[in-house]
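Just follow the structure's listing: the first ligand is 1, and inside any ligand the first atom is 1. Side chains included, hydrogens not; waters and symmetry mates left out as well; all remaining heavy atoms used. Just so it is clear, the model here is predicted, and its values are computed rather than measured.
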Amino acid sequence: MSETNGRGVSLHTKILIALLAGAAAGVTVNFLTPKPTPAWLDHLITYVMRPLGDIFLRMLFLVVIPLVFASLALGVAQLGRMGNLGRIGAKTFAFFLITMSIAVVIGLGLVNAVEPGVGLPRDTQDFLQKEFGKDAAKKTDKTTTFGVETFVNIVPRNPLAALVNMDMLAVIFFALLIGIGLTRISAERAQPIIATLEGINDLMIVIIGWAMKLAPLGVFALIFSVTARFGFDLLIPLGYYVAVVLIGIAIQMFGVLSILLATLARTNPLEFFQKVRNVIITAFSTSSSSATLPTSIKTAEEELDIPPSIAGFVLPLGATMNMNGTALFEGVTVMFLAQVFGVELSLGDQLIVVVLSVLTAIGAAGVPGGSLPLLAMVLTTVNVPGEGIALILGVDRLLDMCRTTLNVIGDLAAAMFVARSERGGPEVTEPGPREADGAAYGAGGADGA
Ligand code: ASP
């Protein structure tokens with residue numbers, strides 16, 4: 001790993017130590033303190049740990065809009081100039097949809113086999129309902145109804161408003177238009193805009209470097225806040241459900257994606273996972289695909305040698321649309337809650353769950369808990385009480401950390417697949433410097449236009 005400090009301790013080692021130390025400290029404090037959470041611990045979390053964690057998160061979030069916009073528009077412009085945008089776009093979307101569908105099917109298979117919701121004790125269920133009922137109502141209150149509007153809203157009425165409101169799908173749409181448009185005007189006119197976008201892109205990468213310096217502290221604070229409050233108490237009654245989600249995530253990540261990497265992308269999965277350690281840690285500790293995007297772009301270009309034009313196209317799209325972990329989580333959760341509430345879901349119903357899980361995973365925002373409002377929508381669609389979400393809220397943070405990790409690994413796998421298929425060979429020796437961008441990678445395309 002390239003990022004080391006003067007004494008040779010790499011950043012990822014520091015982040016990993018912070019992650020483990022934060023978790024150990026949080027669990028220990030949770031174990032040693034009486035329930036409910038004493039005031040001093042509440043204050044420590046509210047006034048020290050959460051703010052530290054939030055500042056780190058905000059440092060990452062503040063680059064997201066300019067970065068997504070600039071890298072996507074640039075990626076599209078570069079691919080468009082090479083005449084292969086359509087092919088790359090089609091490959092990217094096909095990879096997204098197929099892997100997300102496989103993820104949900106794995107989740108449903110597991111949850112049907114294990115049936116974690118069938119034996120849940122009544123009093124545990126009541127306790128959790130009471131404990132998290134209000135919270136669930138709050139989180140799902142702002143539920144954006146999913147329907148034809150969701151698609152209409154992808155086209156922003158006012159692109160600046162979309163940027164300001166972090167309306168990711170609309171921002172993506174606008175960036176795609178700008179990128180395609182840049183290929184349709186004269187090179188002379190397009191050049192200054194492209195140079196500006198490149199400048200913005202590079203600037204954001206510099207700021208990310210600064211944000212990552214805060215990562216060890218931020219990660220410690222974030223993990224401590226979660227574990228000190230909840231410890232492992234709530235994991236026990238929902239243990240089987242959690243296990244099903246986690247096993248599903250592991251199968252998708254280390255099984256399905258590894259096989260796809262090895263076969264379609266001709267990449268050694270072990271090496272791949274080794275190189276993306278920083279991304280895994282960032283996704284796991286931030287629970288946010290968007291916040292992880294800067295790190296994944298950097299890693300894709302510097303560690304995986306993915307051309308910036310492909311990384312800049314696939315990864316921002318993936319951070320918002322490609323959520324393997326979220327789709328799997330949604331499928332398992334809908335079935336689990338259906339089991340808890342005794343709702344029979346036929347094969348046809350489960351097919352609807354598959355489709356809706358994939359669609360809502362595409363629509364979910366890449367932020368912590370981003371899928372919860374949409375999950376409530378899927379639940380009600382198949383007649384499972386939406387408040388059922390209260391049952392899983394207590395463990396959601398842990399699941400969110402894990403599903404976000406899979407979400408982001410899925411994006412990198414997609415980028416790797418697209419990059420390798422475009423270059424047409426397993427040997428990737430040329431580095432991915434931003435300056436060399438368009439022309440170099442255009443020439444490297446296997447089948448040209
Ligand atoms: N936290 C997830 C992500 O950012 C979204 C979700 O499933 O809630 O990828």
From atom 2 (C) of ligand 1, work out which of T360, T405, T404 has a heavy atom at the shortest distance. T404
Heavy atoms of T333 and L375 approach each other most closely as CG2-CD2, 3.9 Å
For G366, is at least one N or O under 3.5 Å away from an N or O on ligand 1? yes
Should the ring pair F95 and F417 be called parallel, tilted or perpendicular, given that the plane angle runs from 0 to 90° and is split at 30 and 60? parallel
Pull out every atom of ligand 1 sitting under 4.0 Å from any heavy atom of D400, numbered as shown with elements. 1 (N), 2 (C), 6 (C), 8 (O)
With atoms numbered from 1 as shown, which atoms in ligand 1 lie under 4.0 angstrom from a non-hydrogen atom of T326? 5 (C), 6 (C), 7 (O)
How far is atom 6 (C) of ligand 1 from the closest protein heavy atom, and which atom is that? S371 OG, 3.2 Å
Among T405, L412, I281, V408, which residue meets the side-chain contact (heavy atoms from CB on, under 4.5 Å) test with V276? L412
Relative to the heavy atoms of G370, which atoms of ligand 1 are at a distance of less than 4.0 Å? 6 (C), 8 (O)
Is the closest basic N to carboxylate O distance between K275 and D305 below 4.0 Å? no
Note: E303-K298 ion pair, threshold 4.0 Å (strictly below): no
For ligand 1, which atoms, with element, lie under 4.0 Å from some heavy atom of S288? 4 (O)
Should the pair F96 and F93 be assigned to parallel (<30°), tilted (30 to 60°) or perpendicular (>60°) ring geometry? perpendicular
Would you indicate which of G318, A361, S289, A283 comes nearest to atom 3 (C) of ligand 1 when only heavy atoms are counted? S289
Using ring centroids (six-membered ring only for Trp), state whether F254 and F273 fall under 6.0 Å. yes
Check each atom of ligand 1 against the heavy atoms of S287 and keep those under 4.0 Å away; list them by number with element. 1 (N), 4 (O)
Residue pairs, two or more places apart or on separate chains, that pass side-chain hydrogen bond (donor to acceptor under 3.5 Å, both in side chains) and touch residues 242-263: Q252-N324
Using a strict cut-off of 4.0 Å, indicate which atoms of ligand 1 neighbour a heavy atom of N407. 2 (C), 3 (C), 9 (O)
Does ligand 1 have a heavy atom under 4.0 Å from the side chain of L372, from its backbone, from both, or from neither? neither
